[in-house]
Structure formats: structure tokens, C-alpha cells
Visitor: 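Below: one structure in C-alpha cells.
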Amino acid sequence: MTAARADFLPFALPTVAEEDVAEVAEVIRSGWLTSGPRLQKLEVEFAAEVGTAAALAVNSGTAGMHLALAALGIRPGTSVITTPMTFCSTAHVIEHVGCRPVFVDVERDTLNLDPEQVAAVLERGEHDVSAIMPVHYAGHPVELDRIVGLGRRFGIPVVEDAAHAFGAAFRGTPIGQVDADDPLRAVSFSLYATKNITSGEGGVLTASENLVRDSRLWCLHGMSRDSWQRYGPRGSWAYDVVVPGFKYNMTDIQAALASTQLRRWRAFQQRRTEIAARYTALLADVDEIETPVARPHVTHAWHLYPVRLRLGSLALDRGEFIEALRERNIGTSVHFIPLHQQPYYRDRYGFAAGDFPVTETEFERLVSLPVYPRMIDGDVDDVVASIKDVVAGHRRVAS
Ligand SMILES: *Cc1c(COP(=O)(O)O)cnc(C)c1O
């Protein structure tokens, strides 16, 4: 029996350094606490990193998705295609604009929205679909050329939930890169504390220049001038309210943290990739555990490292497996409880067991292992040793 770690290994921790603290302190001392020059600087830096024309920094990834749907003018009463294998806010924003989420099942290997099934739903034409919202699950890009191609063919926008995907790329193109005049794309990143780069709470939306401009309007009450312009040296008291916008702006305090994180993202990404590779190598001989894939044409952001249990060869279920790891001081999580099984969506749309078979089957055996830049190789080895220990004690013996 392997000895458990002495201290608990949390499932996720942010990577915050003195340079983050110093820069945030400087902003607080400057006296400009809300959206101002640091926000503008962040938007320019972020757009440059993903190689795109325009970016809008907001107060969450959820806000970015909601703004995109509002600014795109998605019509109430229509349907938006998304995946059930996601965080609830992906579907909530569809509800917020008065639309119906149409869940489509995922691919078994990547757990990403299945383009074949999206095509089938669009071709059948039984829903008045006004947008597609794929999620780059765990940081593995969806088959973007297929999904974006379907959007173009049916003349509907694609709004990507890129909460996991900062640093990811599809066929060499960074996730978030949108042509300056492409009216049918928007990409929302989350800068929540556990995400690949963070501002505590925050998000960034990338899109065409026009769509970013329109989203910026929706982002701050629908006022045609933001407060920085109003209260700056050339400011004026006058403003026009042109749409019933939201209060979704990011502060300069958050923007300063996002900027210093952004400077270090390549090192973060490299460390996540190393940890993922170490898990994959060390778990290769554990038949009871299936490790995640990375298709050859993508760069995986490794926001998550979700393994799947081969339940047929184990004498414990996923919940018991998680508990056994917790007893060995290893924190894990599950991404995600399928949305069609959540009471709100299940009851509102009358979903039943078996509606999304891949999502349901894979959910039962999913466990996300810790992966974040602060982990040392010894932490990874502890996780693997604990998994091997649990598996060895719970092999299902053929009868
Ligand atoms: C974290 C997350 C979000 C929400 O991001 P916030 O910044 O917390 O709003 C949305 N979708 C997915 C898949 C996420 O993991």
C-alpha cells in the first residue's frame, strides 16, 4: 500500500506571483479603480496574443457569451445549438436572450460537440436555429472548420465558449483569432480564478471589429460613451443610451492582473502540457483508466485532464473512486454534470434518460485530475500512485 500524501493536493490553484501583486497595487494607488487605461492596454495585448483584430475585456466569460448573443441580435423565440457537456452558463445565456438551447450530443473521444449531429439537426430543419455555441471542452478545440462551415452554410453565427481554451489552436490558428470583418464569429474566454490565465473574475470576447464595437455598447448600459471618456480630461457629461445594455465591464484592477498573467501564459501552457504528458505516460499501463486524447491537428490548452474509468473492470463507481482519492489527499472534480440532467433544463424541456447517450455514458465514468502550473512532478506522481493504489484494491475479479 502506497503511503498517502501528507498534505492535501487541491484540484485547482491559480498561479499568482509577486509581479501580479505589484501591478495590481500600482493600479489601486493610481486611484483609477474601474475601467480605464489598463483595460484598454489589456485589450490590445490580448488581441495581439491571439492574433486578432479586436478584443473586449468583460467581467466574466459568461458575460462575454451573453454580450455576443445580444450584439448579434439573436432573435427571441429561436433556438441555439450547444452541448450538454458544459458548465450551466453556456446554456443560461441562451435562455437570457429568450431562446431555447438545443442540445446535441458529443464525440466520444474529445467530448466536444459532434459536427455530424449538428449538421443533421440543421438539415432536418425542425428547429429555427439562430446560432451554434460549441465549447472547447477541457481545452481541446472542437472541429472548428466543420462547425464554422455549417454556420456559414446556414447563415448563422458561431459563438465559441472558449472558457477552457486560452492558448489552444486549431490547425495552427489560435482559438480566438477572428477575421476583422467576419460577422459570424465570436469567441468568449473566461479569466476566472481556476482558468489558464486569470484576473480573479473576468473574461475577454474576441470578434470582428464591428461586433466588438457593438458588444462594447451592450457591455456598459448601452451608453454611447464609456466612463473613461466621460471622466477623462476631454470628457463630457453627455451620453446617449441606445440599447438596454448590461453592466459587464472589467475593472482596471482586474485588467492589471490579467496583463501580468498574459505575459507568462506560454510558461503556464508549457507546464500544463508537461503535466498532461506525464499523466499520460505514467497511466499508460493502468488498464482501468482511459486517458484523454489530443488530435494531431490541434494544440490542446490542457485546462483539464479528464480521465475515464473502465467501470467494467472496477469494483467501485466514479463517486467512490473520487472519495478514495480524497482519502489519499488528492482533490479531483467532474466536468460536467450534463445540463439536460439538471432539474431546470430537464423539467423545462422534458429531457429523459437516453436522450444524449454519449454524454450520459461518459459522464458516469469521468474524473478530472489536478493540472495547473504550480504542480511539481512529485505531485503528478502522487496522483498516479494514489490512482494505482485505489485501482489495485478494487479490481473486479472475473467470476
Ligand atoms: C468557467 C466556465 C464558464 C464560465 O466562465 P465565468 O468566467 O466564470 O463566467 C463557462 N463555460 C465553461 C465551459 C466554463 O468552464
Side-chain angles (χ1 to χ4, degrees), residues 11-14 42 46 55-70 80-97 101 103-104 106 110-113 131-142 144 147 158-168 175-176 186-206 215 218-219 246-251 254-255 257-258 261-262 272 292 300-306 332-340 342 345 359 362-363 366 368-372:
F11 169 67
L13 284 176
L42 171 67
F46 194 97
L56 171 68
V58 293
N59 62 11
S60 73
T62 304
M65 294 190 283
H66 189 188
L67 284 173
L69 295 178
V80 176
I81 289 176
T82 192
T83 162
M85 187 61 94
T86 185
F87 184 61
C88 56
S89 75
T90 321
H92 287 357
V93 296
I94 297 170
E95 297 273 325
H96 293 338
V97 294
F103 296 122
V104 170
V106 296
T110 62
L111 303 180
N112 274 327
L113 197 56
I132 309 171
M133 290 189 70
V135 176
H136 303 295
Y137 175 85
H140 189 300
V142 292
L144 254 186
I147 300 279
V158 173
V159 177
E160 295 161 48
D161 179 342
H164 299 177
F166 181 78
I175 297 301
V187 185
S188 183
F189 295 92
S190 170
L191 274 61
Y192 179 68
T194 59
K195 301 287 159 72
N196 289 27
I197 57 169
T198 185
S199 53
E201 297 280 358
V204 177
L205 181 70
T206 65
S215 302
W218 280 95
C219 180
F246 310 108
K247 172 69 177 180
Y248 280 168
N249 57 305
M250 180 187 270
T251 67
Q254 292 166 311
L257 180 51
Q261 292 267 306
L262 192 61
R272 285 179 178 275
H300 200 313
W302 294 112
H303 171 60
L304 300 174
Y305 189 89
T332 59
S333 190
V334 176
H335 298 86
F336 291 94
I337 303 168
L339 292 189
H340 69 287
Q342 293 290 3
Y345 290 102
T359 296
E362 299 310 313
F363 161 65
L366 267 175
S368 298
L369 304 183
V371 50
Y372 44 96

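These numbers come from the heavy atoms of this one structure, side chains and all, not from hydrogens, waters or symmetry mates. Remember, it's 1-based here, ligands and their atoms both numbered in the order they're listed.
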Visitor: Donor-acceptor pair, S60 side chain versus G202 backbone, under 3.5 Å?
Guide: no
Visitor: Are any side-chain N or O atoms of E201 and backbone N or O atoms of N59, one a donor and one an acceptor, separated by less than 3.5 Å?
Guide: no
Visitor: Give the ring-plane orientation class for H92 versus H96, where under 30° counts as parallel, over 60° as perpendicular and anything between as tilted.
Guide: tilted
Visitor: I'd like to check whether Y192 has a polar contact with ligand 1, where a contact means an N/O of the residue lying under 3.5 Å from an N/O of the ligand.
Guide: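 No, there is no polar N/O contact under 3.5 Å.
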Visitor: Does ligand 1 come near enough to E201 that some N or O of the ligand is less than 3.5 Å from an N or O of the residue?
Guide: no
Visitor: Return the orientation label for the H164 and H303 ring planes: parallel under 30°, perpendicular over 60°, tilted otherwise.
Guide: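 Tilted.
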Visitor: Below 30° counts as parallel, above 60° as perpendicular, anything between as tilted: where do the rings of H66 and F246 land?
Guide: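 The arrangement is tilted - the two ring planes meet at 30° to 60°.
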Visitor: Could you tell me whether the side chain of S188 and the main chain of G61 form a donor-acceptor pair under 3.5 Å?
Guide: yes
Visitor: Please state whether G202 comes within less than 4.0 angstrom of ligand 1, counting heavy atoms only.
Guide: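 Checking ligand 1 against G202, which is what was asked, there is a heavy-atom contact under 4.0 Å.
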Visitor: Which atoms of ligand 1 have any heavy atom of S60 under 4.0 Å away?
Guide: 7 (O), 9 (O)
Visitor: Show me which atoms of ligand 1 lie under 4.0 Å from any heavy atom of T86.
Guide: 13 (C)
Visitor: Answer yes or no: is there a donor N or O on one side and an acceptor on the other, between the side chain of R272 and the main chain of V371, under 3.5 Å?
Guide: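 Side chain of R272 to backbone of V371: a pair is present.
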Visitor: Using heavy atoms and a 4.0 Å limit, tell me yes or no: is G203 in contact with ligand 1?
Guide: no
Visitor: Within the 4.0 Å heavy-atom shell around G61, which atoms of ligand 1 are there?
Guide: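 Reading through ligand 1 atom by atom, the close ones are 6 (P), 7 (O), 9 (O).
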Visitor: Residue-level breakdown please: for D161 versus ligand 1, do any non-hydrogen atoms fall below 4.0 Å on the side chain, on the backbone, on both, or on neither?
Guide: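 The part of D161 near ligand 1 is the side chain, not the backbone.
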Visitor: For A163, take its heavy atoms, then give the atoms of ligand 1 lying under 4.0 Å from any of them.
Guide: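 This gives 2 (C), 3 (C), 10 (C), 11 (N), 12 (C), 14 (C), 15 (O) as the contact atoms.
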Visitor: Looking only at distances, can you tell me whether any N or O atom of S89, backbone or side chain, sits closer than 3.5 Å to an N or O atom of ligand 1?
Guide: no
Visitor: Under a plain distance cut-off of 3.5 Å, with no hydrogens placed, do H140 and T110 share a side-chain donor-acceptor pair?
Guide: no
Visitor: Counting heavy atoms only, which part of H335 comes closer than 4.0 Å to ligand 1: side chain, backbone, both or neither?
Guide: neither
